[in-house]
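Please read the structure below before turning to the comments.
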Amino acid sequence: MPELPEVESARAVIERKGLRRRIVDVDDSDSYVCRPHAPGEIRHALLGGVLIAAMRRGKSMWCQTDPSSGDITLGIHLGMSGKIVIADANGTEVDGGDYWEGRRQPGDYRWARFTLTFADGGRLMLVDPRRLGRVRLNPPVEQLGPDAQLITPAQFRAVLAAGSSAPVKARIMDQRRIAGIGNLLADEILWRARIHPARAVSSLTAGEQGRLLRATRDTIRAALRDGGVHTLTIIPYRRPGGTCPRDHAPMRTAAVDGRTSWWCSAEQLLVPGAADGQHNVK
DNA sequence: ACACGTGTTATGCG
DNA sequence: TCGCATAACACGTG
């Protein structure tokens, strides 16, 4: 489910199948997903218009509308379980992106929380069982940090600016500082960089910072190429009894930044040089 | 039955 | 005001 690679896939769905089509109906009646708008507000803003571009920064997407709609953007966030789906007039699912999504079958729209209907009867839907996704007008995307896929070395150094005792995992998941990294990407990035998730940002050496940037880039590139975060190397080993696919040491787990975290007990040490045995065995 | 969770945000504290 | 930790949000899944 959605981290940067999945959101990019969803953005591409909109770009392929959702642009330049006249919007003749809008279902924005789910007031939780469409908060803080009142039901009908988004509908009123979009009715009769068309989407002309689909943009993304981190895990946030937004669509530009034609100028006659008044420079409005339609923001979509997938939350924990959201997915963008395009159906044709018959209800057949035409495009839902190319990443793994669990058991939901194409054509199952039971959890459609927001729908645009186009003039030809086709539909663009946000399908989201848990309803933690969001749809809103003019989202404040400028509050996000640079996109994790495009971040420059100088920008990445700023993300790791000294003087913080925060865990490095919390820092790279802070969307205001760098946008797009979620729990699974973070675990894979830190595993590739051989850095313990709870290490304080201020304790990282220059060498570790360099490894972190490289791992961030390599991880995101691989996930985009291979079909989402579920294709990452360590995913099958994030389980009780899992062993590190590099050195076969036991994988360790604990909550870091309030999120379930997994790391290699031999290569990712909290205290340099010390064995990890006393820490965080769940 | 009940705990868990791949995301965000309000709230409280120093 | 800032950084950080925690709970809450909604609901399907194991």
Side-chain angles (χ1 to χ4, degrees), chain A residues 1-10 30-36 56-62 75-84 97 99-105 108-114 126-136 139-141 143-145 148 158-191 197-203 219-220 222-224 226-240 253-263 282:
Chain A
M1 288 165 211
E3 298 191 36
L4 185 154
E6 288 74 19
V7 178
E8 174 54 26
S9 175
D30 190 315
S31 58
Y32 187 78
V33 167
C34 295
R35 69 194 186 283
R56 181 189 63 76
R57 184 159 171 184
K59 306 177 209 173
S60 293
M61 291 186 281
W62 65 98
I76 302 175
H77 196 292
L78 300 180
M80 296 268 271
S81 61
K83 182 178 180 68
I84 295 296
Y99 59 90
W100 182 89
E101 55 161 320
R103 282 139 308 280
R104 176 187 167 275
Q105 295 300 311
D108 181 356
Y109 310 130
R110 282 177 291 170
W111 297 292
R113 309 299 190 185
F114 177 83
L126 170 65
V127 176
D128 180 14
R130 289 176 62 182
R131 299 173 70 216
L132 291 172
R134 286 192 71 172
V135 177
R136 58 161 299 179
V141 292
Q143 293 176 12
L144 295 167
V159 170
L160 301 176
S164 171
S165 61
V168 59
K169 180 171 178 179
R171 178 57 56 94
I172 64 174
M173 292 200 310
D174 183 342
Q175 305 301 306
R176 296 163 306 171
R177 299 183 189 265
I178 174 172
I181 299 173
N183 199 35
L184 297 182
L185 278 175
D187 274 5
E188 175 89 9
I189 289 166
L190 291 162
W191 174 76
R199 287 278 304 285
V201 171
S202 56
S203 77
T219 300
I220 289 172
L224 285 166
D226 297 337
V229 295
H230 283 277
T231 66
L232 294 173
T233 305
I234 63 161
I235 298 303
Y237 309 100
R238 292 174 92 262
R239 56 171 180 78
T253 185
V256 177
D257 190 33
R259 318 290 302 182
T260 301
S261 304
W262 293 84
W263 64 93
K282 184 176 182 180

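Within every chain, numbering begins at 1; the chains are lettered A, B, ... in the order of the sequence lines, protein sequences first and strands thereafter.
- Distance, A/R131 CZ to B/dG5 C1': 18 Å, rounded to whole Å.
- With hydrogens and angles disregarded, a donor-acceptor distance shorter than 3.5 Å links the side chain of A/R171 to the backbone of A/V159.
- In this structure, A/R136 contributes its side chain and A/P36 its backbone to no donor-acceptor pair below 3.5 Å.
- Rounded to a whole angstrom, the distance from the P atom of C/dA7 to that of B/dA3 is 15 Å.
- Partners of A/R56 under the salt bridge (Lys or Arg N to Asp or Glu O under 4.0 Å) rule, at least two apart in sequence or in another chain, are A/E8, A/D147.
- Between A/R177 and A/D257, the residue anchored closer to the 5' end of DNA chain C is A/R177, taking for each the nucleotide with the nearest heavy atom.
- Put simply, CH2 on A/W111 and CG on A/L126 are 13.5 Å apart, with the number rounded to the nearest 0.5 Å.
- Mapping heavy-atom proximity under 4.0 Å, the span of DNA chain C touched by chain A runs 5' to 3' from C/dG3 to C/dG14.
- Every residue meeting the salt bridge (Lys or Arg N to Asp or Glu O under 4.0 Å) condition with A/R110, not counting sequence neighbours, appears here in chain and number order: A/D108.
- Remark: A/D257 does not engage A/R259 in a salt bridge, criterion side-chain N to carboxylate O under 4.0 Å.
- Note on A/R176: nothing from the nucleic acid sits closer than 4.0 angstrom, heavy atoms only.
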Heavy-atom contacts, protein to nucleotides 7-14 of chain B, under 4.0 Å, summarised as B (base), S (sugar-phosphate only) or - (none) per nt, yield BS------
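- Within 6.0 Å of CZ on A/R239 lie more than 12 heavy atoms contributed by other residues, nucleotides or ligands.
- Of the possible polar contacts, one joining the A/R199 side chain to the A/S203 backbone as a donor-acceptor pair under 3.5 Å is found.
- Every stem involving DNA chain B, taken as at least 3 paired positions in a row under the Watson-Crick or G-U wobble test at 3.5 Å, is listed here: B:2-5 with C:11-14, B:7-14 with C:2-9.
- The pair A/K169-A/D187 meets the salt-bridge criterion, since a charged nitrogen lies less than 4.0 angstrom from a carboxylate oxygen.
- The side-chain hydrogen bond (donor to acceptor under 3.5 Å, both in side chains) search around A/R131 returns A/D30, not counting sequence neighbours.
- For the P atom pair drawn from C/dT6 and B/dC4, the interatomic distance equals 16 Å after rounding to whole Å.
- Although no hydrogens or angles enter the test, the distance criterion places no donor-acceptor pair under 3.5 Å between the side chain of A/T260 and the main chain of A/A255.
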